[in-house]
Amino acid sequence: MRRANLATIALLGLACALSGCMVGPNYKRPPVVAPARFKSQATSQPSSQPTTSPAAGIPNQWWKLYGDAELERLVDAANVANQDLRQAVARVDQARALARVAGSFLAPTIDANPGYTRTRTSGTRDNPITGLPTPSAKINDWIIPFDLTYEVDVWGRIRRSLESARAQATATVYDEAVIRLTVQTNVAQFYYALRSLDAQEQILNRTVGAFDEQVRVVNAQLKNGLVGPIDLYQAQALLASTKAQARDVQRARADQEHALAILCGEPAALFNVAPNPLTKASAPAVPAGLPAELLTRRPDVAEAEQNLVALNAQVGVATAMLYPTFSLTGAAGFESASAQHLLDWKSRIASIGPSISIPIFNAGRLKANLEATRAQYRQLVAAYVGQVLIAYGDVEDALTDLHALTDEAASLQQAVNASQDYVRVANVQYKRGLVNYLIVVDAERTLLSNQLTLAQTINLQTAASVHLIKALGGGWEDHRAPKP
């Protein structure tokens, strides 16, 4: 008995000594070529917004760069009520709880299983020693056992599992940040698209009024024999087509407002954004020389790396499965034939049983599992590097679009100014009989087309600035991605 106790103590001591080992690779970030600067560098641009932004130094409030109270109200509403965000927050809570589950296996499991049995033996069975019949008996058994099970984490299997679970929980935090940033930027883009449609509707309504007046004038001229019916038909056709355009813009605005309502977590029927035409670019000035390390705060890049950390730990788990498992089971408590003596010191019971499980033959299953996990890790390495490359591409695209659309808007403003002169001169010459009505129609169409294109380009320019903010992970202010 004493030898068994010594063997047990020796086995436990050996297991505890080895429990500091952790098999499997420690995580190292894969090398990625990172440029110091972006190719499409920003240049200082004139903007209606101040260079010193009210968002300076305020983490994750990039929308304050635009200085628009209505935009701030809508983003705040989406932060609170968006249903995709609520799902993401719940996933974070779930992942954190699962990490605590993984950590619980580092401690022993103790269960209490109290019970009572009453047994009546047979009176017709012979005693194996005397050969005489054994009288019937009634036996009571009261027991309060505390059962212990514990796996000694010799090779770090449990600790690697915990490391993986924690990385997965951190990845869900960054996933929530990805969804939050996406919702916020979508709100901004939808809002400015709404304001662009307001500007287009304003242009079309003003043009419809002018065309309606032209139809009245041409109709009066026709009655006086100054023009032919073809001029009236042209004026009426131009008026009708412009009215159709205005009605289509109204429809598009309603659909855009409904989509914005869903982002803000409100019923479309109860949601309303007051008309506010966007007549000039609302994009904040982008500072020159944006450093490429701004991408380190992009939540999607951070999420991809945490997924890589989690799978790297799973390689350690798969490696540990190749080694023996050390376990300890035990029980202690009280057992008695009567309830009144159940808690007496003499009624105590105890047992302990360390064990080792050694994998000997499994037809290569454990090695194949390790190879599969390593292959999956290589997949995520490629996914992580690809996500970093996508991030650089997003910023370059946004900077390129912002530069090009700024130039386009300036050129289109010149085109609108020239078209207004074209309309003014064409009307004067038409009234003097120097040109026919087709010149006036062409001038009006040219002006309307340029005005609508300018309004759409201003919206695209603002959307490009929002895209740049999203590509940089939330603007260019001095803050980092959310800490897990």
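Not a single donor-acceptor pair under 3.5 Å links the side chain of Thr149 to the backbone N or O of Thr329. Looking at Thr121, its side chain does come within 3.5 Å of a backbone N or O of Ala137 through a donor-acceptor pair. Checked by atom type and distance alone, the side chain of Asp401 never pairs as donor or acceptor with a backbone atom of Ala464 at under 3.5 Å. A distance-only check finds a donor-acceptor pair linking the side chain of Asp153 to the backbone of Arg157 [under 3.5 Å]. The backbone N or O of Ala81 sits less than 3.5 Å from a side-chain atom of Gln83, completing a donor-acceptor pair. The backbone N or O of Ser338 sits nowhere less than 3.5 Å from a side-chain atom of Asn140 that would complete a donor-acceptor pair. With hydrogens and angles disregarded, no donor-acceptor distance shorter than 3.5 Å links the side chain of Ser336 to the backbone of Trp142. The main-chain N or O of Asp407 is found under 3.5 Å from a side-chain atom of Ser411 such that the two form a donor-acceptor pair. In this structure a side-chain-to-backbone donor-acceptor pair under 3.5 Å is present from Asn312 to Pro25. Under the 3.5 Å distance criterion, the side-chain polar atoms of Asn82 are matched with a main-chain donor or acceptor of Asp84.
Between Leu181 and Trp62 there is a side-chain heavy-atom pair separated by less than 4.5 Å. Side-chain contact between Asp141 and Glu335 is present, with heavy atoms from C-beta onward closer than 4.5 Å. Within the 4.5 Å cutoff, the side chain of Tyr192 has heavy atoms near those of the Asp68 side chain. Counting heavy atoms from C-beta outward, Arg180 and Pro299 have side chains that stay 4.5 Å or more apart. Contact of the Leu468 side chain with the Val395 side chain is registered, since non-hydrogen atoms from C-beta on lie closer than 4.5 Å. For the pair Val154/Tyr323, no side-chain contact is recorded, criterion being any heavy-atom separation below 4.5 Å from C-beta on. Between Asp175 and Arg91, some side-chain heavy-atom pair lies under the 4.5 Å cut-off. Using a 4.5 Å cut-off on side-chain heavy atoms (C-beta onward), Ser327 and Thr325 make contact.
Among all heavy-atom pairs drawn from Ala167 and Val309, the shortest one is CB-CG1, 3.7 Å. Across all their heavy atoms, Ser196 and Ala455 have their closest contact at OG-O, 3.2 Å. The two residues Leu162 and Ala99 come nearest to each other via the heavy atoms CD1-O, 3.4 Å. Taking each heavy atom of Leu308 and Pro30 in turn, the nearest pair found is CD2-CG, 3.4 Å. The two atoms that bring His341 and Ser347 nearest to each other are O-OG, 2.7 Å, heavy atoms only. Contact between Pro359 and Leu366 at its shortest, heavy atoms only, is CB-CD1, 4.0 Å.
Using a 4.0 Å cut-off between charged side-chain N and carboxylate O, Glu371 and Arg374 make no salt bridge. Residues Arg195 and Glu70 are not paired through a salt bridge, judged by the lack of any N-O separation under 4.0 Å between the basic side chain and the carboxylate.
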*Could you please spell out the steps behind the salt bridge (Lys or Arg N to Asp or Glu O under 4.0 Å) verdict for Asp248 and Arg251?*
CA-CA 5 Å; Asp248 188 64; Arg251 175 201 59 77; 3.1 Å; yes
*Decide side chain to side chain contact (heavy atoms under 4.5 Å, CB included) for Tyr384 and Arg29; before the verdict, give the C-alpha distance in whole Å, the side-chain angles of both, and the deciding distance to 0.1 Å.*
CA-CA 10 Å; Tyr384 167 71; Arg29 177 178 293 175; 3.6 Å; yes
*Is there a side chain to side chain contact (heavy atoms under 4.5 Å, CB included) between Val173 and Arg96 once you walk through the steps?*
CA-CA 9 Å; Val173 173; Arg96 285 173 171 168; 3.7 Å; yes
_Walk me through whether Thr185 and His467 qualify under side chain to side chain contact (heavy atoms under 4.5 Å, CB included)._
CA-CA 7 Å; Thr185 53; His467 181 200; over 6 Å; no
*When you look at Glu257 and Arg253, which way does the salt bridge (Lys or Arg N to Asp or Glu O under 4.0 Å) test go after all the steps?*
CA-CA 6 Å; Glu257 192 175 57; Arg253 187 193 191 281; 3.4 Å; yes
*asked:* Between Asp300 and Arg298, does the salt bridge (Lys or Arg N to Asp or Glu O under 4.0 Å) criterion hold? Intermediate values first, please.
replied: CA-CA 6 Å; Asp300 57 341; Arg298 269 186 61 136; 2.6 Å; yes
*Run the numbers on Asp198 and Leu278 for side chain to side chain contact (heavy atoms under 4.5 Å, CB included), then give the verdict.*
CA-CA 7 Å; Asp198 288 339; Leu278 182 64; over 6 Å; no
*Start with the C-alpha gap between Glu163 and Arg166, add the side-chain angles, then the distance that decides, and say whether salt bridge (Lys or Arg N to Asp or Glu O under 4.0 Å) holds.*
CA-CA 5 Å; Glu163 179 184 342; Arg166 284 176 173 170; over 6 Å; no
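Here Asn79 contributes atom CG and Gln184 contributes atom CD; the two are 4.5 Å apart, rounded to the nearest 0.5 Å. Atoms CG and CG, from Leu399 and Leu472 in turn, are 7.0 Å apart once rounded to the nearest 0.5 Å. Between Leu402 atom CG and Asp397 atom CG the span is 12.5 Å, to the nearest 0.5 Å. The structure places CG of Asn113 at 9.5 Å from CZ of Phe146, a figure rounded to the nearest 0.5 Å. The OG1 atom of Thr319 sits 11.0 Å away from atom CE of Met22, with the distance rounded to the nearest 0.5 Å. The OG1 atom of Thr457 sits 5.5 Å away from the CD atom of Glu408 when rounded to the nearest 0.5 Å.
Between the side chains of Ser164 and Gln314, at least one donor N or O sits under 3.5 Å from an acceptor N or O. Counted by atom type alone, Thr462 and Tyr66 present zero donor-acceptor pairs between their side chains at under 3.5 Å. Between the side chains of Glu176 and Thr172, no donor N or O sits under 3.5 Å from an acceptor N or O.
The 12-atom threshold is not exceeded at CZ of Phe105, counting heavy atoms of other residues, nucleotides or ligands nearer than 6.0 Å.
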